[in-house]
Amino acid sequence: MAIVTESAPAAAPSTAAAQPQETVDGFKLVIEALKLNGLDTIYGLPGIPITDLTRRAQADGIRVLSFRHEQNAGYAASIAGFLTQKPGICLTVSAPGFLNGLNALAHATTNCFPMILISGSSEREVVDLQQGDYEEMDQLAVAKPICKAAFRVLHAEDIGVGIARAIRAAVSGRPGGVYLDLPAKLFAQSIEAEAGRKSLIKVVDPAPKQLPAPDAVKRAMDLLKSAKKPLIVLGKGAAYAQADADIKALIEKTGIPYLPMSMAKGLLPDTHEQCASAARSFVLPEADVVMLIGARLNWLLSHGKGKTWGGKSSKDWGNQKFIQVDISPIEADSNVRIDAPVVGDIGSVVAAFLKDIASVPRAPADWVNAINERKSKNVAKMGETLAKDPSPMNFHSALNVVRDIVKANPDAMLVNEGANALDFTRSIVDMYKPRKRIDVGTWGIMGIGMGYCVAAAVVTKQQVIAIEGDSAFGFSGMEVETICRYDLPVCIVVMNNNGVYRGTDVDPTGRDPAPTVFVKGARYDRIIEAFGGVGANATTPAELRKAMEEAIRSRKPTLINAVIDETAGTESGRITGLNPTAKKK
Ligand code: ADP
Ligand code: TZD
Ligand code: MG
């Protein structure tokens, strides 16, 4: 296909020989391809060669959220993918910008979130001969091992195909991160407008339903019917699938107790009578049949074995049989035997289960009663702890406030990262609606905070509440400027305990601060004031409550520095056991 410049005369087709030919360039084709597929938001950071892409995308009605660091734009795109089932788009410049975006691309792949990282790149001929181009890097090769798929487009007429392939790869089957490499030269290429228009693809059925095989459904239902102590575990795949009503029906019609993984909290309200979260350490080893719905048996579930599951040693399997519902056909048996794998999309699988639900006996009363007994004991114990009002404030007394605020604002999005700040929030703050809690995910990464806040506010238009460890906040803290710039309704609470886990470590040599300790008594609230946001310092639960209520009432960007007892946390939060130490404390 001929490439002509904007005003070049047409190559003499019969009648309109003298007319200047209407053309379209690469920039425009990328924008039109995204819009055609309903991708209306870009999270990115401008620079060579994509500055004009950000400008023209904005002029053409795409929402362009411009960040201070690509990692945060990438995390925003990844979680937008989780919330919308459409690939979140992150746009970066070449080599260093691309590398900054890679962490999020890998994170999206690991967490099964659909995302497309689009990076501009340098001159192919120069890059491939390693002749030292501006920001030279073979980005496609670097991205490949950490994403689900990677593509490069060299010709303007292939942009439509490139974006269509990226969309399909991101959202079909197990969702993940996709890399799309767009070299600088592509953007300025022009092709005849009509040919350009025809080259674009509106992707039909990008995430096709995957119906489960009937015999797989029957095998799973037969196993479930045989259970004396059944348990359902809901993972973030179940939250992603947006099959909320059917999942609720499955749980309520069978009366089976369920455990939500962190980002599946709220799929049914955490206060639901069948929620077994408060008896987790009882139900996991005791259950005889466990149905996993969109949850992997990775480290977060102790690999399905060991003492957590009733095994005698860390490698020993428990006695439960597993049903695993997952879209990935290779997930089953990854850690322990899966007796009844059901491969399909969760919506279709749960719908198939529901057809036969009447023949599943209700969960036996003695099992349910035993769980309820544990639950009420643990809930009462937690109630006592939460009722205390120590000075200085600790995680519990601060989070007791957050718990009330979230209860009063069940539509608010909750972003959460840190170690103790994460673990205590997850266990103390109940969620009431699906996909309201977004956090550190499969890797337990720090740095998702402010990127997630921006995307959560932009996608849902709801109030966002971020509960951040002071260390965690530091990874993306500069994006408070972004939050202020777009005037997003985000209330950030920094749980300031002067450091990573605790603020009490000292350098035994007396030379430097300990590696885990930050400036003591830091005032994170002042950071947001520099950009016109509201800062507040809270040393008591009452002050915290007042500041949070005001933030939600005003919907103004707000950062509350919550002063937490620096001795209150534990090393690594709840996962102390994973931490190799020279000498066990
Ligand atoms: P959690 O961390 O909450 O336990 P994981 O990320 O480990 O959850 O597991 C999510 C699982 O859900 C993945 O194995 C993924 O393949 C699966 N999944 C994602 N979307 C769907 C879907 N629509 N249908 C079925 N399975 C899905
Ligand atoms: N770097 C990255 C990207 N992810 C990580 N998880 C870590 C480092 C290691 N890490 C944790 O696992 S939690 C944490 C770090 C640095 C911070 C904990 O401190 P915090 O939370 O202030 O955020 P608490 O409340 O003080 O425990
Ligand atoms: Mg801390």
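Note that ligands are numbered from 1 as they come in the structure, with each ligand's atoms numbered from 1 the same way. Side-chain atoms are counted along with the backbone in the values below, which use heavy atoms only and exclude waters and symmetry mates. Computed from a prediction, not measured in an experiment: that's the story for all the values here.
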Are any of the side-chain nitrogens in K218 or D222 under 4.0 Å away from the carboxylate oxygens of its partner?
yes
Are R426 and D439 within salt-bridge range, i.e. N to O under 4.0 Å?
no
Does ligand 1 come near enough to [X] that some N or O of the ligand is less than 3.5 Å from an N or O of the residue?
X	result
N111	no
R296	yes
K236	yes

Name the closest protein heavy atom to [atom], giving the residue it belongs to and the distance to 0.1 Å.
atom	value
atom 23 (N) of ligand 1	A241 CB, 3.9 Å
atom 24 (N) of ligand 1	I346 N, 2.9 Å
atom 14 (O) of ligand 1	D326 OD2, 2.5 Å

Where the closest heavy atom to atom 27 (C) of ligand 1 is concerned, which of V325, I327, L234 has it?
I327
Nearest heavy atom to atom 12 (O) of ligand 1: which of G237, P175, S334, A243 does it belong to?
G237
Looking at the Mg ion (ligand 3), is one of the N, O or S atoms of N497 less than 2.8 Å from it?
yes
Atoms in ligand 1 with a heavy atom of [X] nearer than 4.0 Å:
X	answer
G294	8 (O), 9 (O), 10 (C), 11 (C), 12 (O)
N298	7 (O)
G235	3 (O)
T442	6 (O)
G344	24 (N), 25 (C)
M261	3 (O), 4 (O)
C112	13 (C), 15 (C)
Y240	20 (N)

Out of H69, M478, E468, which residue meets the side-chain contact (heavy atoms from CB on, under 4.5 Å) rule with M450?
E468
With side-chain hydrogen bond (donor to acceptor under 3.5 Å, both in side chains) as the criterion, how do R437 and S262 come out once you've worked through the C-alpha distance, each side chain's angles and the decisive distance to 0.1 Å?
CA-CA 8 Å; R437 185 188 154 85; S262 194; 3.0 Å; yes
Quick one, D565 with N394, criterion side-chain hydrogen bond (donor to acceptor under 3.5 Å, both in side chains). Give me CA distance, side-chain angles, the key distance, then yes/no.
CA-CA 5 Å; D565 182 356; N394 63 11; over 6 Å; no
Test item: [X] side-chain N/O and [Y] main-chain N/O as donor-acceptor pair under 3.5 Å:
X	Y	answer
N496	A522	yes
D507	D512	yes
E479	R68	yes

Classify the ring geometry between Y258 and H272 as parallel (under 30°), tilted (30 to 60°) or perpendicular (over 60°).
perpendicular
Taking the inter-plane angle between the rings of W443 and H107 on a 0 to 90° scale, is it parallel (under 30°), tilted (30 to 60°) or perpendicular (over 60°)?
tilted
Answer with yes or no whether the side chains of R435 and T460 bring together a donor and an acceptor at under 3.5 Å.
no
Row for the Mg ion (ligand 3): angle OD1 (D470) to O (G499), 10° precision, value 90°
With a 4.5 Å limit on heavy-atom distance, are the side chains of C275 and L268 in contact?
no
Neighbouring protein residues of ligand 2 - any heavy atom closer than 4.0 Å:
F395, G418, A419, N420, A421, G444, I445, M446, G469, D470, S471, A472, F475, N497, G499, V500, Y501
